[in-house]
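Indexing begins at 1, ligand by ligand and atom by atom, following the structure's order.
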Amino acid sequence: KAKAGGRNQVCFFDPSLQAEVNSRTSLLRDLRAAVELDQLRLLYQPVVDRARRVLGVEALVRWQHPERGLVSPAAFIPLAEQSGIILQIGEWVLDTACAQLSAWADDPVRKAWTIAVNVCARQFNEATFVATVEAALARAGANPAHLRLEITESMLQSDLDSTITKMRQLNDRGVRFSLDDFGTGYSSLSYLKLLPLDQFKIDKSFVDDILNNRKDLAVAKTILGLASNLGLGVVAEGVESAAQYELLATYGCEAFQGYLFCKPVPVEALPRQSSI
Ligand code: C2E
Ligand code: MG
Ligand code: MG
Ligand code: MG
């Protein structure tokens with residue numbers, strides 16, 4: 001017979017829901033230890049120009065979990081952001097990327113490459129964000145002009161003044177900013193002109209069907225036109241076919257990233273030559 005537990009007892013009757021809660025709880029526990037246990041990995045994906053010369057790479061984090069295997073950021077970044085663990089993870093990513101930049105300073109090909117690091121709202125909104133980035137650059141002795149930070153439109157929703165101040169402080173030191181997944185959020189065009197941005201990244205969702213869907217093509221063309229009018233560069237993300245690459249190039253896109261050129265790979269597997 002059913003017996004009432006304590007007044008405040010929470011009961012889960014749905015076993016799949018219970019399983020999900022258990023899995024989330026254990027994931028969170030493991031995630032708290034991931035940085036200390038050295039379980040994070042950075043993969044790098046090249047960004048190329050029209051002539052397929054490598055301009056730089058984007059750093060994409062993975063979690064090498066002892067039982068779950070290689071966990072994708074989609075599966076843990078949201079949890080890391082809610083719990084605040086993203087602050088430690090973000091610092092590890094910045095440190096690792098900056099150390100990589102300084103290791104490449106003597107490489108004849110890679111010394112010219114930039115590394116783009118993804119930053120989420122929770123990190124950016126910390127009062128210490130600028131100091132954290134500066135400290136990572138200083139620890140590694142990396143050139144700030146080779147670091148790019150990828151922010152998203154969601155970051156532009158709260159406290160625009162302090163966002164602009166932080167971006168200007170870092171930009172004054174040489175750090176550049178890209179607006180990632182552009183077109184999927186809620187950017188106000190009046191905000192965009194105020195920000196010291198260097199580049200838009202056309203979201204993969206507009207590239208996927210660009211050959212068949214006139215609306216996706218229209219969005220891509222509009223982003224390219226806006227960038228050109230604002231004096232910004234554009235990277236198209238998720239380019240998987242030569243036809244997508246050629247079409248985007250026809251409309252003035254100057255930088256590309258996607259499986260057509262290279263998947264995200266460990267540093268050892270990055271191309272050695274300057275074009276791919
Ligand atoms: P994003 O910054 O928009 O990164 C692009 C995503 O598209 C990456 O997924 C990349 O692997 C994938 N991609 C690139 N080219 C292709 C392609 O041709 N085809 C397909 N199917 N996919 C492609 P990934 O590595 O799973 O990262 C997902 C998201 O996780 C990133 O989206 C970024 O928002 C976030 N993320 C990754 N690393 C970090 C990090 O260090 N910090 C933070 N805060 N977020 C991160
Ligand atoms: Mg990105
Ligand atoms: Mg993106
Ligand atoms: Mg994306």
For atom [atom1] of [X], is the number of surrounding heavy atoms from other residues, nucleotides or ligands below 6.0 Å larger than 12?
X	atom1	answer
Arg24	CZ	no
Gln273	CD	yes
Arg68	CZ	yes

Parallel, tilted or perpendicular, judged at 30° and 60°: which one describes the rings of Phe129 and Phe124?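 Plane angle between 30° and 60°, so tilted.
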Please determine which of Thr165, Asp172, Asn171 meets the side chain to side chain contact (heavy atoms under 4.5 Å, CB included) test together with Gln169.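 It is Thr165; the other options fail the test.
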Would you say the ring centers of Tyr245 and Phe261 fall short of 6.0 Å from each other?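 Yes, close enough.
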Consider ligand 1: state whether an atom of it lies below 4.0 angstrom from any non-hydrogen atom of [X].
X	result
Lys201	no
Gly238	yes
Glu81	no

Find all atoms of ligand 1 within a distance of less than 4.0 Å from any non-hydrogen atom belonging to [X], and give their numbers and elements.
X	answer
Gln123	44 (N)
Lys204	19 (N), 20 (C), 21 (N), 22 (N)
Gln45	14 (C), 15 (N)
Gly258	15 (N), 18 (O)
Glu240	17 (C), 18 (O), 19 (N), 20 (C), 21 (N)

Residue pairs, two or more places apart or on separate chains, that pass salt bridge (charged side-chain N to carboxylate O under 4.0 Å, His left out) and touch residues 255-276: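 Residue pairs with at least one partner in residues 255-276: Asp107-Arg272.
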Are a donor atom and an acceptor atom from the side chains of Arg53 and Ser275 found within less than 3.5 Å of each other?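 No pair is found: no donor N or O on one side chain lies under 3.5 Å from an acceptor on the other.
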Below 3.5 angstrom, do we get any N/O pair linking Pro264 and ligand 1?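 N/O-N/O distance below 3.5 Å does not exist for this pair.
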Check: Glu237 N/O within less than 3.5 Å of ligand 1 N/O: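 Right, the criterion is met.
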What is the total of protein N/O/S atoms that are closer to the Mg ion (ligand 2) than 2.8 Å?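 Protein N, O or S neighbours of the Mg ion (ligand 2) under 2.8 Å, waters not counted, come to 4.
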Who's closest to [atom] heavy-atom-wise, of [options]?
atom	options	value
atom 41 (O) of ligand 1	Ile86, Val93, Leu40, Ile151	Val93
atom 39 (C) of ligand 1	Asp180, Val207, Val61	Val61
atom 25 (O) of ligand 1	Arg62, Gln257, Glu150	Arg62
atom 37 (C) of ligand 1	Ala59, Pro73, Ser72	Pro73
atom 34 (O) of ligand 1	Leu260, Asn118, Leu43	Asn118

Does the pair Asn118 and Glu58 meet the rule for a side chain to side chain donor-acceptor pair (under 3.5 Å), with working shown? CA-CA 8 Å; Asn118 292 282; Glu58 177 174 5; 2.8 Å; yes
Using 0.5 Å steps for rounding, measure from the [atom1] atom of [X] to the [atom2] atom of [Y].
X	Y	atom1	atom2	result
Ile85	Arg122	CD1	CZ	10.0 Å
Arg50	Cys253	CZ	SG	7.5 Å
Thr132	Leu137	OG1	CG	11.0 Å

Taking only Lys NZ, Arg NE, NH1 and NH2, and the carboxylate oxygens of Asp or Glu, determine whether Asp181 and Lys201 approach each other closer than 4.0 Å.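 A salt bridge is absent here (no side-chain N lies under 4.0 Å from a carboxylate O).
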Would Asp106 and Lys111 count as a salt bridge (charged side-chain N to carboxylate O under 4.0 Å, His left out) if you check the C-alpha gap in whole Å, the side-chain angles of each, and the deciding distance to 0.1 Å? CA-CA 6 Å; Asp106 299 319; Lys111 67 178 177 199; over 6 Å; no
Using heavy atoms and a threshold below 4.0 Å, how should the contact between Val239 and ligand 1 be classified: side chain, backbone, both, or neither?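 For Val239, the contact with ligand 1 is made by the backbone alone.
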